[in-house]
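Single-structure report; data block below.
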Amino acid sequence: MMEYTLPARRQPRTAAPDTVYTVASGDLRLSANTKCWPTQEHLEADFAAAVERLGWSVERGHGVDELTGHGFIDSQRAGIEVFKTLPPDAPLVVVEAVWQYSHHVLAGLRTHRGPILVVANWAGDFPGLVGLLNLTASLTKAGVEHSALWSADFTDDWAVEKLGEWLETGRIEHDLSHVRSLPALDDAAPEVALGRALADELRAEKAIIGVFDEGCMGMYNAIIDDELLNPLGIYKERLSQSALLAEMARVSDAEADEAMAWLENAALTFHFGTDDATELTRAQVQSQLKMYIAAVRISDDFGLDAVGIQYQQGLKDMVPASDLAEGLLNNVERPPVRSRGGERELYPGAALPHFNEVDEGVAVDALITNRIWNAMGFDPATTLHDVRWGEEYDGEFVWVFEISGSVPASHNGGYDKSYSMRQPPMFFPLGGGTLSGVSKPGEIVWSRVFVMDGRLHVDLGRGSVRELPEAETQRRLDATDPQWPIMHAVLHGVNRDQLMARHKANHVQVAYAPDAAAADRALLAKAALFAELGLEVHLCGDVAI
Ligand SMILES: C[C@H](O)[C@@H](O)[C@@H](O)C(=O)CO
């Protein structure tokens with residue numbers, strides 16, 4: 001008989017009784033992990049104290065790295081190694097005070113057999129809630145059973161009761177009574193006819209989304225397989241960020257400066273400084289505008305209907321942030337871009353929808369929103385935001401929707417009400433300016449396209465954007481990232497915990513309509529379009545259908 005070298009069988013550890021094991025997933029960027037570590041330690045102490053008060057013990061599943069000084073799992077490999085040492089049947093909690101890359105822990109969580117809980121602190125300072133929402137959405141797409149919980153410090157009655165429920169049963173049931181399935185639609189409604197006609201057109205004529213490097217920052221939920229995407233009539237053009245760099249190198253300084261002059265003329269405020277390491281410089285913006293021009297030219301080359309640049313891996317070490325380009329692309333009014341030889345203006349008078357962080361759920365949504373809003377004669381500017389945080393103001397819960405860098409200027413009421421600040425060095429070593437502002441008051445449709453049970457779904461809802469006093473706006477910006485664009489959103493008929501429990505992404509899509517009745521009509525058209533394409537449509541909160 002032949003003798004082969006068989007791998008030694010690993011003996012799985014047995015879980016200690018009444019013990020919860022914790023892990024913490026982090027960023028890939030050392031600067032972010034180091035800076036956020038004290039906040040993470042604080043949350044872990046609060047959470048452990050809550051568990052211990054309920055009579056259980058907490059064992060941290062991995063230590064603090066002596067070299068880096070932080071205790072985050074900072075790569076997929078590190079995560080796999082940590083999970084090898086954990087008892088596979090133990091109750092396991094992923095504790096998150098920061099923005100994290102879900103794939104760091106997804107491999108381990110996919111094969112973990114014990115109950116899984118993801119928790120975050122209800123705080124604005126670092127995007128822990130955003131990290132939680134990405135991980136729970138990724139687990140949902142992966143079909144891994146899990147629960148989630150959030151609290152300021154895990155001493156409030158609600159969180160303590162929910163934690164107790166999880167310790168006892170291995171599950172937390174949240175109130176999801178705000179979600180209902182789309183009812184049969186009125187065939188005679190013009191919005192239904194519009195939605196269905198646009199769906200037919202999309203399937204028959206097809207559209208292409210350009211994906212500059214798929215899979216940003218471990219966001220597994222943000223990747224939609226071709227098998228799910230193609231039946232909608234949407235196809236991916238897989239592009240490399242290297243090609244974007246090469247194209248940027250072909251854009252002249254003079255062309256970028258012309259775009260800069262256009263923006264200065266439109267009264268966009270740039271907060272310039274001189275220290276490249278921490279402040280915004282003209283050279284950074286010039287590079288960003290070269291990216292804008294290059295992205296439009298490549299989109300034209302490939303006949304793209306929408307485009308996404310992932311930036312935060314790879315490009316972040318090569319050029320300043322993609323955000324300024326992204327905000328410009330999503331706006332109808334933007335610096336004109338001509339073909340390389342100057343003969344043609346590209347995508348004249350139109351927004352070219354951009355899906356930040358190559359989130360393909362956003363790509364589908366932005367493309368469809370753009371078509372419906374254009375057909376209805378509304379401003380088609382649409383953007384994602386991070387579901388970042390929120391607090392009550394004046395008796396209602398006002399969300400801080402805040403994406404990490406840019407919105408279309410029309411959301412702020414125009415370029416003259418928008419500004420550009422240097423991206424925080426912790427995340428963006430080479431800087432670059434944002435396209436920021438405070439989103440104008442008005443009526444919005446919000447939505448999220450996501451993958452669950454191997455199918456595409458969409459959640460749709462209505463909201464209003466509030467105007468808050470300047471001091472409150474500033475307080476919210478200071479409590480989060482003051483460089484980033486903020487929207488004071490109130491969701492109709494959906495409370496804080498309902499959104500957190502249900503929302504299957506760190507991102508939420510928003511688009512304005514001229515007034516409440518118009519927003520209701522746009523939502524109806526969107527629901528009809530998505531239903532016609534075969535998505536499972538869910539209505540969230542108070543929706544007039
Ligand atoms: C800068 C950070 O990495 C952000 O990109 C992160 O918080 C997100 O926006 C995630 O959607």
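Model, not experiment: these values are computed from the prediction. Numbering of ligands and ligand atoms starts at 1, following listing order.
Atom numbering of ligand 1 starts at 1 in the shown order; those under 4.0 Å from a heavy atom of F428 are 1 (C). Short contacts between ligand 1 and R29, defined as distances under 4.0 Å to a heavy atom of the residue, involve ligand atoms 2 (C), 3 (O). Numbered from 1 in the order shown, with element, the atoms of ligand 1 that lie under 4.0 Å from a heavy atom of P127 read 7 (O).
Of all protein heavy atoms, the one closest to atom 4 (C) of ligand 1 is S404 OG, 3.5 Å. Protein heavy atom in closest approach to atom 8 (C) of ligand 1: D386 OD2, 3.1 Å.
For the pair R496 and W122, the cation-pi test (distance below 6.0 Å, angle within 45°) is passed. Annotation: cation-pi pair K440/Y512 present, NZ/CZ under 6.0 Å from the ring centroid and within 45° of its normal. Relative to the ring axis of F397, R466 does not place its NZ or CZ within 45° and under 6.0 Å from the centre.
Ring pair H503/W446 is tilted by interplanar angle, where 30° to 60° counts as tilted. By the 30° and 60° cut-offs, the orientation of the rings of W150 relative to H174 is parallel.
Between the side chains of T383 and H411, no donor N or O sits under 3.5 Å from an acceptor N or O.
Residue contacts with ligand 1: Q312 is placed with a nitrogen or oxygen under 3.5 Å of a nitrogen or oxygen of the ligand (distance criterion only).
The shell of residues lying under 4.0 angstrom from ligand 1, judged by heavy atoms, includes M217. Look at W484 and you'll find a heavy atom under 4.0 Å from some atom of ligand 1.
Screening residues 132-152 for salt bridge (Lys or Arg N to Asp or Glu O under 4.0 Å) gives E145-R171 as the qualifying pairs, with residues at least two apart or on separate chains.
With a 4.0 Å cut-off on non-hydrogen atoms, H507 touches ligand 1 through its side chain and not its backbone.
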